[in-house]
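Note sheet for the following structure.
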Protein chains: 2
Amino acid sequence: MTDIENKIPTKRLVRTLQGEVLQRPPIWLMRQAGRYLPEYRELRRRAPTFLDFCYSPSLAVEATLQPLRRYPLDAAIIFSDILVIPDAMGRKVGFEEGEGPRLEPLGDRAAVAALRPEHITTRLGPVYEALERVRASLEPSTSLIGFAGAPWTIATYMILGKGGPSKAEARLWAYQNQEAFHALLDILSQAISTHLIAQIDAGADAVQIFDSWADDLPASFFQRAVIDPTKKIVAAVRAARPQALIIGFPRGASARASDYAHETGISGVGLDTGADIARVREKLDPKIATQGNLDPQLMIIGGDMLLKETDRLLAAAAGTPHIFNLGHGITPQADPANVEMLVAHVQGAS
Amino acid sequence: MTDIENKIPTKRLVRTLQGEVLQRPPIWLMRQAGRYLPEYRELRRRAPTFLDFCYSPSLAVEATLQPLRRYPLDAAIIFSDILVIPDAMGRKVGFEEGEGPRLEPLGDRAAVAALRPEHITTRLGPVYEALERVRASLEPSTSLIGFAGAPWTIATYMILGKGGPSKAEARLWAYQNQEAFHALLDILSQAISTHLIAQIDAGADAVQIFDSWADDLPASFFQRAVIDPTKKIVAAVRAARPQALIIGFPRGASARASDYAHETGISGVGLDTGADIARVREKLDPKIATQGNLDPQLMIIGGDMLLKETDRLLAAAAGTPHIFNLGHGITPQADPANVEMLVAHVQGAS
């Protein structure tokens, strides 16, 4: 560890996203707050629906801070959901236990025109309030991350009312309703930009754009539905807040990660479990950070396998700006003791 | 078109897999026989279960030839299923309408030891008989393709009894039962090699190994569960039949396609819809063929979009050994008229 790292308690996540190479990478974990924690399951009971929970600043603050009380993570991520965007714009969003989210499927161009992106900042006020309150409770060296879903990923849920396998059908809808689809991407890009700027203003040091369904897209469609709208969001956020640090996470598209990063102008690129970080780095601007990508299943397994794979990942990312994370969110079956071991190992490895 | 191409009616698919660059690429389509064809839906009624259908040589021959009667495709692929391998080794396999296959989940090491790879050639005799009969009916310029599932993909179905989202849980099982998992991969590699050799002997000009669940795998696991067993199969098949032409299709792993191709020794690599063929080609041995990867949804859409994307793909693969195909199987919603237009366009484009 250098003298500077010892003496100045700056935020590791921020420095890494600015392109600095730290001897010990920052670590946070996708879904670090959530169902694998008994205290979260207990807390969750205090709101009738999942969106009620997300929109309660006190519950969202508490859920955000729970993992930080257990582990000395380098960042907190605000507890919220990618589907607050369609909800705020007037679509009906529900979460069925064990089934994933269900939305009222979008019909046609008229339904797109009826969306209300101007409602974002008022409707999502509780999210910004939660960010402000979390910011006030965090150590000065701990970063705070805001986030939003990416236009394509939110669109897949909105078009057919659900995620997962239906995303191929959402692409079919996009082909069949090209004008409506591009209008939808534009409205979403605008709403997402607004939401990210408001989160930065509320205290987020960095924001992440989750493109969870970016896999299996044809090259031309990936350009139109993933890269172009993300580039627009990055430009809009930077026009308003020039220093904004933005992580893009095009899950399942690691073969296109460098093009995605360079064209959109993001500060860091999230890599999924299947990505080969050394291969991605070969083509990536050395100032752009990588983030990822330990197998989340190792949070269930633990033991030597966890430590060995962690060391392998640390070695693969050594000498580059890297944020240690999983390749996907922690699953409900994860053992909190394994998370503790991982964080201690990464933070003690320097 | 060169003089040689005009005068000698050799098999385009074979020549391409031997590394030759043809002015007009061969074309066949994954699931070119199947539910989008009314004559297939009619034929399917003649057997009570899907496996009964696969094991009836006359029905399998007819299903294989149906698309060739409609379109002048450059190859036929035998009508069968990747799950005939576990079925032949003694596991119970069922196909529920609209639900995908269901197997009796594998328990432990004892269940792995009870598998009977030596039953492959006798139990799968009807597949080889169908290949022989198809071979006899094909034009001399039409290639015949045999196939098998890859060890990892078949293992995912066997371990938990179903495919799709459960593959992450299959990886968890692999971590928790490492010895049984590697024994399972070994047995599957042996059974698959046997099945591929028998298909070559029955008249297949080339064989394809479908690794449908190769996406989202950590680098070290991809090596152990995808590359290593596939390499073993390629070596075993080539030891028996040195000229064997083998296509490997690691779906969802295009970021690793060149490593996969070079390490396993395959003749051609199948690329899924999400792959960027130009990017893959940058790192690929120029003698190794690519295969793919038009968006299957375009078989529903048709029209100018289909032609434009086809031209884009033809241009991206020009000057390299390439087999035109989709990035995934034709869906039941595909319009046979669009398939006809695609085949004519590719074959007339030279």
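For clarity, every value in this text was computed on a predicted model and none was experimentally measured. We name chains A, B, ... by the order of the sequence lines, and we start the count at 1 in each one.
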Region of B/Q333 that comes under 4.5 Å of a non-hydrogen atom in chain A: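 For B/Q333, there is no contact with chain A at all, as no heavy atom is under 4.5 Å.
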Within 45° cone of A/F210 ring axis and under 6.0 Å: A/R251 NZ or CZ: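 No; the conditions do not both hold, so A/R251 does not lie above the ring face of A/F210.
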Among [options], which residue has the highest count of heavy-atom pairs closer than 4.5 Å to chain B?
options	answer
A/D216, A/I300, A/L294	A/D216
A/A275, A/S220, A/S254	A/S220
A/A257, A/A219, A/P218, A/A278	A/P218

Residues of residues 25-37 of chain A contacting chain B, heavy-atom criterion under 4.5 Å, by residue number: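 None at all.
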What I want to check is whether the side chains of [X] and [Y] have a donor and an acceptor closer together than 3.5 Å.
X	Y	result
A/D211	A/T153	yes
B/H328	B/T273	no
B/E169	A/Q297	no

Aromatic centroids of B/F181 and B/Y175 separated by under 6.0 Å: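 Aromatic pair excluded; centres sit 6.0 Å or further apart.
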is_close_aromatic(A/W152, A/F222), centroid dist under 6.0 Å: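 Between A/F222 and A/W152, which both carry aromatic rings, the centre distance is not below 6.0 Å.
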Closest non-hydrogen atom pair, A/L184 against A/A155: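 Closest approach of A/L184 to A/A155, heavy atoms only: CD2-CB, 3.9 Å.
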Nearest heavy atoms of B/A317 and B/I277, plus distance in Å: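 It is CB-CD1, 3.8 Å.
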With a 4.5 angstrom heavy-atom cut-off, which part of [X] approaches chain B: side chain, backbone, both or neither?
X	result
A/L217	backbone
A/N293	neither
A/D276	both

B/W213 and B/Y157 aromatic ring geometry - parallel, tilted or perpendicular at 30°/60° bounds: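 Ring orientation of B/Y157 relative to B/W213: tilted.
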